[in-house]
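All residue numbers refer to positions in the sequence shown, counting from 1.
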Amino acid sequence: MDSMPTELIEAFGQYLDGPSLYSSLRVCRFWFNALSPLIWSHISKTQWHRTGFPIRQVFDAYDDSPLRPKLLQIRHLEWAANSDLKDVSAITIRKEIARSRLVQLLRMAANVRSLELQMPITADELVLLQSIAELRQLRRLRIEATGLDMFAIRLQDMDDTFSKLETLESSGHWLHIDLSSWERPQDAQQWRMERLSVGYYALPILWHCENLRELEIRIFEGFGFQRSEKRSLRPLQTCRNLEVLKIHRYTRQDTLLDLVETIGTLRQLRSLSFSILDFSFFDLLCRPSAIVLAENDHHLRKQQTGNKKEDDETGHTSARPPDDNDDHGDLPLPLLENLTIISVDVGDNTFSALDRLSAQFFNILRTRPLLKGFQVQGFGFCPWDIFAQPGQELEHGWACLGLETLKLHFKSLDPRKMNSKEKRYRIWQPIYRQLGQLTKLRSLMIQCWSLEKGTDVGILELAQPLPSSVGLTSGDGQRRSKSASISLAQNRPTATDYALPSKLKARLTELSSLYLSDSKGMTWSRTELEIVLALFPKLKDLNLRPLNPGNGKEIQKWLKELKRGDLKFVY
């Protein structure tokens, strides 16, 4: 072992975790000398509380002298106040070192490239923040500084440090931003920063970030945030090359100015996450020619589509605007691949408003063929707002058949209106039919009330059509064979519990993660589980919740009998 090249030992040492690296030091003296620098290259926030950690609580010029060359080897440094470690049960919380001591350590660790600080701080400890500006090799900074009752350090004083950063994650009001900074400065120095996560108050930083690729904006940051302030996104216009934008959940009281106009100019954007508070926000996601008519044109739209309003459990019309087959040259955000709608608030819950909202969702899904991820969170919408109901699949088919991630949260359907199996089947059959077309889907999550999973409601729509030679096992062979022939004539799998899972041919061959949630509780049979496993051959993560008492243990036993111990099952 001591004849291996030093470069090879150092190479695989980069992939060892803490305990493994410590064990490797004891192989021999040669290995100890080669791997010792790696011990100091990464210091986590829990290491400060280890019994054998060599950095003492109090500075001592004599005792610290051997530490100086080792501190120069630190590349990644984390430190958190004890108040932020209470949830860490694997360590014993020791006395917290003084802030003055931490300042001295930062100054000695001059080669730090990644720094994470999490602490409450007061105005008389600004020297700690100022010491960050002295780290010339710093490329990534993550700081959560809480407790300040005023802005702490001027943005201009951090200009040299920020100009070298590649990533900045800032939380808390530790930067002083002048009101004049909201106007575009002349000859603003451009930084190399590519990833940025800040609160709204620090958005003027964007004037220096032409090279930014990823941006996360937190709207409300607690103390010091004035809701009466204007919240323009104009600084975002500088980031023409932005690819990922996430704006955290906000309310109408927090509405950002210039949101539609500003984000609409980001032609390179590929991932967007934000809340919809007004129908105008849909302008970011739909072509101008696909904008839905106003609510008072509700009846006119119904006449134009030629579809008669159905008197069903939806309570409002299922008519949609006609599809537009023009090119996508005028589509806003033309490269958008991942869309997450955090919440939706578009006013009242009248039938006209709900129908208009449903039409907007259809416009998104049928005009964006590049979408790979679509998620709607924190909004209770109905299945018919996303999936076309029977007879309308072709008219409202999705263009984004290359979806890889689909996560939807349906609202609780009125059980008094869902007590008919016919009504439930009528809803879920087209859902499974459309899901069966998403052959590249890798992750699927559906949360709702009254989730239907039986074969009678169309789950076999997710399988390839059964060959005519496939029979069905039962004493009632003739009757069920007739039912099967009728189903095959309709060019879809049989809708019966007697289909053989071993004969099913999967259509969603790439699905590896499945999450199904029913707020009223579920009970799965072994046949249903076998069909799911047959439909999704690459399934690795299965999340079913909540399950009725005892059903989770049964499923675990069945998975073991079916030799699917590789499947991660959560309930």
Side-chain angles (χ1 to χ4, degrees), residues 387 401 403-408 424-425 428-448 450-474 480 483-484 487-488 492-518 520-571:
F387 296 96
L401 297 182
L403 274 179
E404 297 178 0
T405 300
L406 180 62
K407 297 183 179 181
L408 304 172
R424 295 198 299 269
Y425 294 176
W428 285 97
Q429 280 183 340
I431 290 179
Y432 288 123
R433 186 173 300 120
Q434 288 189 259
L435 288 176
Q437 299 177 19
L438 306 178
T439 56
K440 296 184 179 180
L441 203 62
R442 297 177 181 272
S443 178
L444 174 63
M445 182 182 77
I446 295 182
Q447 294 178 274
C448 68
S450 190
L451 182 148
E452 292 293 341
K453 61 189 185 314
T455 55
D456 286 339
V457 298
I459 192 173
L460 292 183
E461 301 284 356
L462 301 178
Q464 297 284 4
L466 294 175
S468 56
S469 60
V470 175
L472 300 174
T473 59
S474 173
R480 294 187 180 110
S483 174
S487 178
L488 291 171
R492 65 171 185 253
T494 59
T496 172
D497 285 327
Y498 297 94
L500 294 174
S502 60
K503 300 295 184 180
L504 296 180
K505 185 176 181 181
R507 180 176 292 178
L508 306 185
T509 56
E510 301 299 322
L511 193 75
S512 61
S513 177
L514 178 63
Y515 184 112
L516 298 177
S517 175
D518 188 342
K520 71 179 181 65
M522 297 183 291
T523 298
W524 283 70
S525 68
R526 175 163 179 155
T527 300
E528 291 172 338
L529 178 64
E530 290 178 348
I531 291 177
V532 167
L533 297 179
L535 291 175
F536 311 127
K538 293 186 179 180
L539 194 64
K540 297 298 181 184
D541 295 287
L542 179 61
N543 195 320
L544 307 174
R545 61 176 64 183
L547 292 177
N548 291 326
N551 192 221
K553 298 294 184 182
E554 287 181 327
I555 294 178
Q556 285 181 330
K557 182 184 68 174
W558 296 334
L559 289 173
K560 185 176 180 180
E561 294 174 353
L562 296 171
K563 299 181 180 180
R564 288 304 310 267
D566 61 313
L567 184 64
K568 180 181 179 182
F569 172 58
V570 179
Y571 65 96

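- Scanning both residues, Pro546 and Asp518, for their nearest heavy atoms gives CD-O, 2.9 Å.
- By the 4.5 Å heavy-atom criterion applied to side chains, Tyr515 and Gln447 are counted as neighbours.
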* Asked: Given Asp566 and Arg564, is the side chain to side chain contact (heavy atoms under 4.5 Å, CB included) satisfied, shown in steps?
  -> CA-CA 5 Å; Asp566 61 313; Arg564 288 304 310 267; 3.0 Å; yes
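- For Ser517 (side chain) and Arg545 (main-chain N/O), a donor-acceptor pair under 3.5 Å exists by modelled atom type.
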* To do: Just do the side chain to side chain contact (heavy atoms under 4.5 Å, CB included) check on Leu460 and Tyr432 with the steps written out, would you?
  => CA-CA 8 Å; Leu460 292 183; Tyr432 288 123; over 6 Å; no
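- A side-chain N or O of Asn548 and one of Thr523 form a donor-acceptor pair less than 3.5 Å apart.
- Note that OG1 of Thr509 is 9.0 Å distant from CZ of Arg442, once rounded to the nearest 0.5 Å.
- By the 4.5 Å heavy-atom criterion applied to side chains, Leu438 and Leu401 are counted as neighbours.
- In this structure, the separation between CG on Leu444 and CG on Asn543 is 12.0 Å, given to the nearest 0.5 Å.
- Residues satisfying the ring-ring contact (aromatic ring centres under 6.0 Å, His included) test with Tyr571, not counting sequence neighbours, are Phe569.
- A distance of 11.0 Å separates CZ of Arg526 from CD of Glu554, quoted to the nearest 0.5 Å.
- Residues Ala534 and Ala506 approach most closely at O-CB, 3.7 Å, considering heavy atoms.
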* Would you check, one step at a time, whether the test side chain to side chain contact (heavy atoms under 4.5 Å, CB included) holds for Leu562 with Leu567? => CA-CA 11 Å; Leu562 296 171; Leu567 184 64; over 6 Å; no
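- Among all heavy-atom pairs drawn from Ala463 and Arg507, the shortest one is O-NH2, 3.4 Å.
- Taking each heavy atom of Arg433 and Glu461 in turn, the nearest pair found is NH2-OE2, 3.5 Å.
- Between Asp541 and Leu539, the shortest heavy-atom contact is O-CD1, 3.6 Å.
- To the nearest 0.5 Å, the span separating CG on Leu435 from CG on Leu511 amounts to 9.5 Å.
- Annotation: the span from Leu542 atom CG to Leu516 atom CG amounts to 7.5 Å, rounded to 0.5 Å.
- Considering every non-hydrogen atom in both Cys448 and Leu451, the closest pair reads SG-CB, 3.5 Å.
- Taken to the nearest 0.5 Å, the OG atom of Ser512 stands 10.0 Å off from the CD atom of Glu404.
- Contact check on Glu510 versus Lys440 returns no salt bridge, with no Lys/Arg side-chain nitrogen under 4.0 Å from an Asp/Glu carboxylate oxygen.
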* In sequence, state the C-alpha distance, the side-chain angles, and the governing distance for Met522 and Asn551, and then conclude on side chain to side chain contact (heavy atoms under 4.5 Å, CB included). => CA-CA 8 Å; Met522 297 183 291; Asn551 192 221; 5.8 Å; no
